[in-house]
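Only this structure's heavy atoms are used, side chains among them; waters, hydrogens and symmetry mates stay out. Quick caveat, the model's predicted, so the values are computed rather than measured. Residue numbers count from 1 along this sequence.
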Amino acid sequence: MPEHAALDDLPAQMHAPVFETDRPKTVRLRLEAGDEVPAHSHPGFDIVFHVVDGRMELALDSETHEVAAEELLRFGGDRDISPRAPVDSSAVLVFAPADD
């Protein structure tokens, strides 16, 4: 049976799981203007980063990518990632196990 979720129904926390199971892990990230997540990595995963509203500046290692609403970025989780929101923004991240 498919799982259905509405982003507006998720808790108002920074990181909110979208589905009950983590196959694949799917998280809604909500940042207020000026918020930034410290650099970190997710080894063993490929990540799809989809900005739903607003825009985010996504630092990947030493590169910064601006991702606007309805744009997506895909990258390996072994990279250092640090999202920053110049305006109130939200994104959905999907963490898929990387092929070894």
Inset, instruction - Applying side-chain contact (heavy atoms from CB on, under 4.5 Å), name anything that partners R74, two or more places apart in sequence or on another chain. - result: V48
What are the two closest heavy atoms between [X] and [Y], and how far apart are they?
{"X": "P86", "Y": "M56", "value": "CD-CA, 4.2 Å"}
{"X": "P24", "Y": "V94", "value": "CG-CG1, 3.8 Å"}
{"X": "G54", "Y": "V87", "value": "CA-CG2, 4.0 Å"}
{"X": "H15", "Y": "P17", "value": "O-CD, 4.1 Å"}
{"X": "L10", "Y": "A16", "value": "CB-CB, 4.1 Å"}

Would you compute the distance between atom [atom1] of [X] and atom [atom2] of [Y] and round it to the nearest 0.5 angstrom?
{"X": "R30", "Y": "D35", "atom1": "CZ", "atom2": "CG", "value": "11.5 Å"}
{"X": "L60", "Y": "F75", "atom1": "CG", "atom2": "CZ", "value": "5.0 Å"}
{"X": "T26", "Y": "L93", "atom1": "OG1", "atom2": "CG", "value": "9.0 Å"}

Do [X] and [Y] have side-chain heavy atoms sitting under 4.5 Å apart?
{"X": "L58", "Y": "L73", "result": "yes"}
{"X": "F49", "Y": "L72", "result": "no"}
{"X": "V92", "Y": "V27", "result": "no"}

Legend entry - ILVMFWY cluster, M14 and F95 together (side-chain gap under 4.5 Å): yes
Inset, instruction - Give a yes or no on whether V18 and F45 share a hydrophobic cluster (residues Ile, Leu, Val, Met, Phe, Trp, Tyr; joining criterion: side-chain heavy atoms under 4.5 Å apart). - result: no
Inset, instruction - Give a yes or no answer on whether the side chain of D88 reaches the backbone of A33 with a donor-acceptor pair at less than 3.5 Å. - result: yes
Inset, instruction - Could you tell me whether a side-chain N or O of H40 sits under 3.5 Å from a main-chain N or O of I81, the two making a donor and an acceptor? - result: yes
Legend entry - Greater than 12 external heavy atoms within 6.0 Å of E20's CD: no
Legend entry - Within 6.0 Å of CD in E32, more than 12 heavy atoms from elsewhere: no
Legend entry - Any pair counted as salt bridge (charged side-chain N to carboxylate O under 4.0 Å, His left out), so long as it reaches residues 43-63, sequence neighbours left out: R55-E66, E57-R84, D61-R79, E63-R79
